[in-house]
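Just below is one structure, and these are the notes that go with it.
The first residue of the sequence shown is numbered 1, and numbering continues consecutively from there. Just the heavy atoms: all of them, side chains too, but no hydrogens, waters or symmetry mates, feed the values below.
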Amino acid sequence: MRDPWLLACAAHSLALAAFHTGFWKIFDWPRSLATTTLANRAIVQIANLRLIYFFLGVAAACLVFPEELRHTVLGRCILGFMTLFWVGRTIEQGIFLRVRHGGVHALTAVFVGGIVVFGVPLVQG
């Protein structure tokens, strides 16, 4: 039987990867990035592509290596890393995107969800 928490971790990561693939349309890239420097345009888009790759890799690890994630030191380190990733992203949301908007609040909830789905299997052992 599949581990429901690690399935939730995989689903969360896949959803974030899918969301990031839409950034070009959502934020009207490259038109909206045309007013910044070439380096900033490149950095934003490259960083976004790397996040997509990262989230897909995390999702794959959760699906392919559930026992290792739950029961090895390295696996628990990865779960801890991901929990802290989402803690940090939630904090950064409050620092850099101080906007009162339903969409921003929904994203914050998604980030808190990441803390929960990765944190529960970490503390369960």
Side-chain angles (χ1 to χ4, degrees):
M1 179 170 156
R2 294 254 186 204
D3 184 314
W5 282 105
L6 292 178
L7 287 174
C9 292
H12 185 268
S13 296
L14 288 172
L16 268 294
F19 178 59
H20 276 265
T21 65
F23 276 23
W24 282 264
K25 185 174 182 176
I26 295 167
F27 298 110
D28 195 19
W29 294 348
R31 190 201 58 77
S32 67
L33 292 173
T35 59
T36 190
T37 65
L38 173 63
N40 280 335
R41 279 193 302 273
I43 290 165
V44 166
Q45 293 178 89
I46 291 166
N48 189 58
L49 287 168
R50 293 298 84 207
L51 273 175
I52 294 166
Y53 178 82
F54 176 75
F55 290 141
L56 291 174
V58 169
C62 291
L63 294 172
V64 175
F65 303 109
E67 290 299 313
E68 291 85 347
L69 285 171
R70 283 280 201 168
H71 304 294
T72 68
V73 172
L74 178 59
R76 295 181 51 69
C77 283
I78 291 169
L79 290 173
F81 172 84
M82 287 306 299
T83 303
L84 290 176
F85 177 93
W86 290 115
V87 167
R89 184 60 184 90
T90 303
I91 293 168
E92 292 157 358
Q93 183 86 343
I95 294 170
F96 296 110
L97 193 58
R98 293 182 186 187
V99 177
R100 290 184 184 263
H101 184 274
V104 173
H105 298 317
L107 278 176
T108 302
V110 169
F111 304 151
V112 171
I115 297 168
V116 172
V117 297
F118 284 95
V120 168
L122 176 64
V123 298
Q124 282 181 342

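Between F19 and F23, the two ring planes are perpendicular [angle over 60°; tilted spans 30° to 60°].
A distance of 11.5 Å separates CD1 in I78 from OG1 in T83, rounded to the nearest 0.5 Å. With values rounded to the nearest 0.5 angstrom, F55 atom CZ is found 12.0 Å from T21 atom OG1. Here the CE-CZ distance, from M82 to F54, works out to 4.5 Å after rounding to the nearest 0.5 Å. To the nearest 0.5 Å, atom OG of residue S13 and atom CG of residue L6 are 10.5 Å apart. Atom CG in L16 sits 10.5 Å away from atom CD1 in I52 (nearest 0.5 Å). The distance from atom CZ of F111 to atom CD of E92, rounded to the nearest 0.5 Å, is 9.5 Å.
Both V117 and F81 are part of a single hydrophobic cluster, where members link through side-chain heavy atoms under 4.5 Å apart. In this structure, V87 is a member of the same hydrophobic cluster as I95, with clusters built from ILVMFWY side-chain heavy atoms closer than 4.5 Å. Using a 4.5 Å cut-off between side-chain heavy atoms of Ile, Leu, Val, Met, Phe, Trp and Tyr, with links allowed through other members, L107 and L97 fall into different hydrophobic clusters. Taking hydrophobic clusters as Ile, Leu, Val, Met, Phe, Trp and Tyr residues chained together by side-chain heavy-atom distances below 4.5 Å, L49 shares a cluster with L51. W24 and I26 fall within the same hydrophobic cluster, defined by Ile, Leu, Val, Met, Phe, Trp and Tyr side-chain heavy atoms under 4.5 Å apart, directly or through other members.
Within 6.0 Å of atom NE2 in H71, more than 12 heavy atoms from other residues, nucleotides or ligands are found, so the atom counts as buried in its surroundings.
Applying the side chain to side chain contact (heavy atoms under 4.5 Å, CB included) rule to T36 yields the partners L33, N40, R41; only residues at least two apart in sequence or on another chain are considered.
Connectivity analysis of hydrophobic side chains (ILVMFWY, heavy atoms under 4.5 Å, direct or indirect) links V64 to F65.
The shortest heavy-atom contact between H105 and R100 is NE2-CA, 3.9 Å. When all heavy atoms of R2 and L63 are compared, the pair lying nearest together is NH1-O, 2.8 Å. Summarising the geometry of L69 relative to L79, their closest heavy-atom pair is O-CD1, 3.4 Å, with the distance given to 0.1 Å. Pairing each heavy atom of I115 with each of T90, the nearest pair is CD1-OG1, 3.8 Å. Nearest approach of C9 to P121, heavy atoms of both residues: SG-CG, 4.4 Å.
In this structure a side-chain-to-backbone donor-acceptor pair under 3.5 Å is missing from H20 to Y53. Between the side chain of D3 and the backbone N or O of E67 there is no donor-acceptor pair closer than 3.5 Å. Distance alone, capped at 3.5 Å, is enough to place a donor-acceptor pair between the R98 side chain and the G94 backbone. Distance alone, capped at 3.5 Å, is enough to place a donor-acceptor pair between the R76 side chain and the L122 backbone.
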For this session: Show your reasoning for whether side-chain contact (heavy atoms from CB on, under 4.5 Å) applies to W5 and V116.
Result: CA-CA 9 Å; W5 282 105; V116 172; 4.1 Å; yes

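Residues L74 and E68 fail the side-chain proximity criterion, which asks for heavy atoms closer than 4.5 Å. Taking the side chain as every heavy atom from C-beta outward, W86 and V110 never approach each other to under 4.5 Å.
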